[in-house]
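Single-structure report; data block below.
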Amino acid sequence: MNTENPLFIYNTLTRRKEVFEPLHAPFVGMYVCGPTVYGEPHLGHARPAIVFDLLFRYLKFLGYKVRYVRNITDVGHLEHDADEGEDKIAKKARIEQLEPMEVAQYYMDAYHDAMDKLNVLRPSIEPRASGHIIEQIEIVRQILDKGYAYISEGSVYFDVPKFDHDFGYGKLSGRVLEELFANTRTLDGQEEKHHPADFALWKKAAPEHIMRWPSPWSDGFPGWHVECSAMSTKYLGKQFDIHGGGMDLMFPHHESEICQSRIANGEPSAKYWIHNNMITINGQKMGKSLGNFITLNEFFNGSHKDKEGKEMLEQPYSPMTIRFFILQAHYRSTVDFSNEALQSAQKGFDKLMQAYRTLQGLKPSGSDSADVESIYQKCLEAMNDDLNSAMVIAELFELTKLINSVKDGHATLTEAGIRRCREIFQTFAFDILGLKDESASDHQEVINQLMQMVLNIRQKAKNEKNWAVSDQIRDQLQEIGIAVKDGKEGATWEFK
RNA sequence: GGUACCGUGGCCGAGUGGCUUAGGCACUGGUCUGCAAAACCAGGUACAGCGGUUCGACUCCGCUCGGUACCUCCA
């Protein structure tokens, strides 16, 4: 929409930054792989949700009408370690004596709750795989009709070698079919498949499998990748603009989706493939077996015991600290979580929010001693350069420094300049980065007046050089979490 | 072993073929203050290693070392 200053975005498919041009401006269709709802929402869920929330918000800021679809996977997940052949959700249901949909509902609610706290906007449509079995069966049927799939023992598999021959396989992940399985030892008993690269479109359910649906081929359940092809096509059309997800999904999930959609729809599906990088904790990948599998609520509460029962989190970290920390890194870089890094993020974020509050009480001058507009432009350029939120935050700190300098009398801003600072904060910090001031509350106005009263009393004591009383007020406020700061124009306060 | 990506100062984390001292946190000195805190000013530490291309590379190429994700089934 902005032709002289367009948005560039990195497309995994071409491995370069490309100008973003929607197929049908001003409309944008975006599909992002959502969570499998069989466990508590954890740190690994936060990054893709926040990254694509950033993109969603920015596209809307640019004036696009975005339909953002993010699926909920609530069927057919098998445990990859123990209990082979049993659905992840079904297993949880059996152990907890629950209906499978009850399990899915519980964890879906937990996911929503955590995402709300992180100020992640809800997508336009959030379709569930279990609600689209008919559409998935239809996709499988189409692929069979076109000759790119075969039936084996009641299951249906995609014929990868045939696809590779006709269209080329592995473009997204840079894999070559011949090399992919060249070193593979023949030790598995997957006799049903013609080629090791073939993947399931429909799986016949074993007798103990709880979640099952009838189909032309067997009572069973859809293959993992089919749901995304089915639901993206249903809600965004055969061709749409953006397909997103974590880098871990590039292969085989997205590669398989490309195969299915290409055959079923007769044309390539997504124009831009966007992948966020992964998260590590103290330099290690997050995994249940490593004992560093931290849920979001554990972060918010500040309690997580590792394998030896040692506390890993030195303190609670608020949702905005997590969000700010993630946005301080570029989405295609790995980001490493540690207490030290989170604590510095928290302090930085507090400083930013404090500056915004300071801004509200700034006294205007006759001239601007700094170029506020250039900060706005730099923020815009940073976002247009493949969503460089880290750079935007750096610019917001430049703004912070300016605001504090004005407060200290080392710089000046006009009425208009102050208004512009407020707009930049609103636009970039709140609207686009999706940050929010967590210390604001419903009773803020009452608290403000209450605090003003307390500070007035303290000022009176100070005027009388009654340090005992003035220090007592300050120290006791400190104890209940309020910091008092004396300045030239009287004292101010903030929540610690 | 294959594929993709990465290795930046005490920590986190941007960036570019020849002024970014990016930015945050921590640290040091100063201003301010009854004392503090905050804020402001000033300061230091850097581009994993080794070669090559170039007038010049942290940025391009190669190798080495180190790290992350994915890689026979399934989602």
Side-chain angles (χ1 to χ4, degrees), chain A residues 12 15 36 38 73 75-81 84-89 129 170 172-176 179-190 192-193 196-197 199-200 203 221-227 246-253 255 275 277-280 283-285 324-325 328-330 332-349 351-352 354-355 358 378 382 385 388-398 400-401 403-411 462 465 467 470-471 474-475 478 483-488 491-494 496:
Chain A
T12 310
R15 295 191 205 299
T36 302
Y38 75 105
T73 297
V75 293
H77 259 71
L78 301 186
E79 287 290 335
H80 47 269
D81 37 22
E84 280 173 44
E86 190 173 7
D87 193 301
K88 278 180 181 172
I89 290 168
L172 187 68
S173 56
R175 271 155 231 252
V176 179
E179 291 171 3
L180 197 47
F181 296 94
N183 305 337
T184 300
R185 296 159 297 167
T186 52
L187 49 74
D188 71 300
Q190 282 300 311
E192 294 180 11
K193 297 206 292 189
F199 55 89
K203 280 292 275 187
F221 52 94
W224 171 35
H225 321 298
V226 182
E227 60 174 277
M247 253 173 61
D248 53 331
L249 297 176
M250 231 159 78
F251 184 90
H253 182 53
E255 206 70 79
H275 292 95
N277 212 321
M278 309 309 287
I279 271 169
T280 56
Q284 271 193 314
K285 78 161 181 175
F324 181 78
F325 181 62
Q328 245 185 336
H330 187 260
R332 283 192 289 119
S333 302
T334 53
V335 71
D336 185 49
F337 276 70
S338 63
N339 280 293
E340 203 182 358
L342 282 168
Q343 282 159 18
S344 61
Q346 184 184 55
K347 283 180 190 165
F349 178 63
K351 186 173 170 180
L352 215 54
Q354 183 56 38
T358 301
K378 282 177 185 165
D385 185 12
N388 196 332
S389 54
M391 193 70 105
V392 173
I393 289 172
E395 289 304 323
L396 289 174
F397 276 113
E398 292 301 323
T400 295
K401 193 180 242 184
I403 290 164
N404 286 327
S405 290
V406 172
K407 184 192 72 179
D408 277 16
H410 301 127
K462 284 181 69 172
K465 296 207 187 300
W467 310 126
S470 74
D471 286 355
R474 184 178 62 190
D475 294 346
Q478 181 78 29
V484 176
K485 297 181 288 190
D486 290 330
K488 277 202 182 81
T492 58
W493 64 278
E494 67 181 68
K496 286 301 285 178

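To find a chain, count down the sequence lines: A is the first, B the second, and so on, and within it residues start at 1.
- No donor-acceptor pair closer than 3.5 Å links the side chain of Q328(A) to the backbone N or O of A345(A).
- As rounded to the nearest Å, C6(B) and A14(B) have P atoms that lie 11 Å from one another.
- Rounded to whole Å, the C1' atom of C58(B) lies 15 Å from the corresponding atom of U54(B).
- Going from the C1' atom of A38(B) to that of G30(B) covers 16 Å, rounded to whole Å.
- Per the geometry, CZ belonging to F325(A) stands 10 Å off P belonging to A14(B), to the nearest Å.
- Phosphate contact (OP1/OP2 of C35(B), side-chain N/O of K485(A), threshold under 4.0 Å): absent.
- In terms of heavy-atom proximity, I403(A) sits nearest to A355(A) at CG2-O, 3.6 Å.
- Considering NZ of K378(A) and CG of L396(A), their distance stands at 12.5 Å, rounded to 0.5 Å.
- For D486(A), taking side-chain heavy atoms from C-beta onward, the closest of the listed nucleotides G24(B), C73(B), G34(B) is G34(B).
- Nucleotides G18(B) and G23(B) are separated by 24 Å at their C1' atoms, to the nearest Å.
- Using cut-offs of 30° and 60° on the angle between ring planes, the pair F199(A) and H225(A) is perpendicular.
- Between N277(A) and U68(B), a side-chain N or O to OP1/OP2 separation shorter than 4.0 Å is absent.
- Atom-to-atom, CD1 of I403(A) to C1' of A38(B) comes out at 15 Å; the value is rounded to the nearest Å.
- Judged by distance alone with a 3.5 Å cut-off, a donor-acceptor contact links the side chain of R175(A) to the base of C70(B).
- Atom CD1 of I279(A) is separated from atom P of C12(B) by 16 Å (rounded to the nearest Å).
- Annotation: U68(B) and A48(B) have their C1' atoms spaced 16 Å apart (nearest Å).
- Heavy atoms of T12(A) sit nowhere under 4.0 angstrom from any nucleic acid atom.
- With C74(B), G34(B), G23(B) as the choices, the nucleotide that has an atom nearest any side-chain atom of K203(A) turns out to be C74(B).
- Side-chain proximity of R15(A) to A39(B), C5(B), G34(B): nearest is C5(B).
- Atom CE in M391(A) sits about 12 Å away from atom C1' in G13(B), given to the nearest Å.
- Between D336(A) and F325(A), the shortest heavy-atom distance links the atoms O-CZ, 3.3 Å.
- Note: K351(A) NZ to K347(A) NZ = 11.5 Å, rounded to the nearest 0.5 Å.
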Q: For RNA chain B, produce a single dot-bracket line, 5' to 3'. Pairs: Watson-Crick or G-U wobble, both distances under 3.5 Å. Symbols: ( ) within strand, [ ] crossing, | other strand, . unpaired.
A: (((((((..(((.(...[.)..))).(((((.......)))))....(((((..]....))))))))))))....

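- Contact annotation for A329(A): backbone-only contact, meaning every heavy-atom pair under 4.0 Å involves sugar-phosphate atoms and none involves a base.
- The aromatic ring of F251(A) does not sit over the base of A4(B); the criterion of centres under 5.5 Å apart with planes under 30° is not met.
- For A390(A), counting side-chain heavy atoms from C-beta on, the closest listed nucleotide (A39(B), C74(B), A14(B)) is A14(B).
- For the pair A483(A) and S173(A), nearest-nucleotide mapping onto RNA chain B gives the more 5' position to S173(A).
- Remark: K347(A) is in phosphate contact with A26(B), judged by side-chain N or O atoms under 4.0 Å from OP1 or OP2.
- Residue K462(A) contributes atom NZ, which lies 11 Å from atom C1' of A37(B) at whole-angstrom precision.
- For the atom pair CD (E395(A)) and CZ (F397(A)), the distance works out to 12.0 Å, reported to the nearest 0.5 Å.
- Rounded to the nearest Å, the gap between the C1' atom of C27(B) and that of U20(B) is 23 Å.
- Using a 4.0 Å heavy-atom cutoff across all strands shown, G223(A) reaches sugar-phosphate atoms only and no base atom.
- Using a 4.0 Å heavy-atom criterion, one finds that E398(A) contacts the sugar-phosphate atoms exclusively.
- Checking C71(B), A14(B), G34(B) against the side-chain heavy atoms of S333(A) singles out A14(B) as nearest.
- Remark: P of C12(B) and CD of Q328(A) are 13 Å apart, rounded to the nearest angstrom.
- Side-chain atoms of D336(A) stay outside donor-acceptor range of the base of C11(B), with no qualifying N/O pair under 3.5 Å.
- Residue I393(A) is the one, among R474(A) and I393(A), whose nearest nucleotide of RNA chain B lies closer to the 5' end (criterion: closest heavy atom).
- For the atom pair CH2 (W224(A)) and OG1 (T36(A)), the distance works out to 7.5 Å, reported to the nearest 0.5 Å.
- One can place CG of N339(A) at 14 Å from C1' of C25(B), the figure rounded to the nearest angstrom.
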(Q) Please encode protein proximity along nucleotides 40-49 of chain B as a string of B, S and -, counting only heavy-atom distances under 4.0 Å. (A) SS--------

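- Nearest to the side chain of M250(A), among G24(B), A39(B), A4(B), sits A4(B).
- Rounded to a whole angstrom, the distance from the P atom of U16(B) to that of A22(B) is 14 Å.
- Taking the ring pair (Phe, Tyr, Trp, His ring centres under 6.0 Å) definition, one finds that H275(A) meets it with H254(A), sequence neighbours left out.
- Contacts of D471(A) with the nucleic acid, taken as non-hydrogen atoms under 4.0 Å apart, include base atoms.
- For C19(B) and C63(B), the P atoms lie 30 Å apart once the distance is rounded to whole Å.
- The residue V335(A) sits close only to the backbone: its heavy atoms come under 4.0 Å of sugar-phosphate atoms, none of a base.
- Here CD of E227(A) is found 12.0 Å from CZ of F221(A). Values are rounded to the nearest 0.5 Å.
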Q) Going through the distances and angles, do N277(A) and S333(A) end up as a side-chain hydrogen bond (donor to acceptor under 3.5 Å, both in side chains)? A) CA-CA 6 Å; N277(A) 212 321; S333(A) 302; over 6 Å; no

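- Here the side chain of R15(A) pairs a donor or acceptor atom with the backbone of L172(A) at under 3.5 angstrom.
- Distance check, rounded to the nearest 0.5 Å: CG of D385(A) to NE2 of H330(A) gives 7.0 Å.
- L249(A) has its CG atom 10 Å from the C1' atom of C70(B), to the nearest Å.
- When the nucleotides C11(B), G23(B), A14(B) are ranked by their closest atom to the side chain of E340(A), C11(B) comes out on top.
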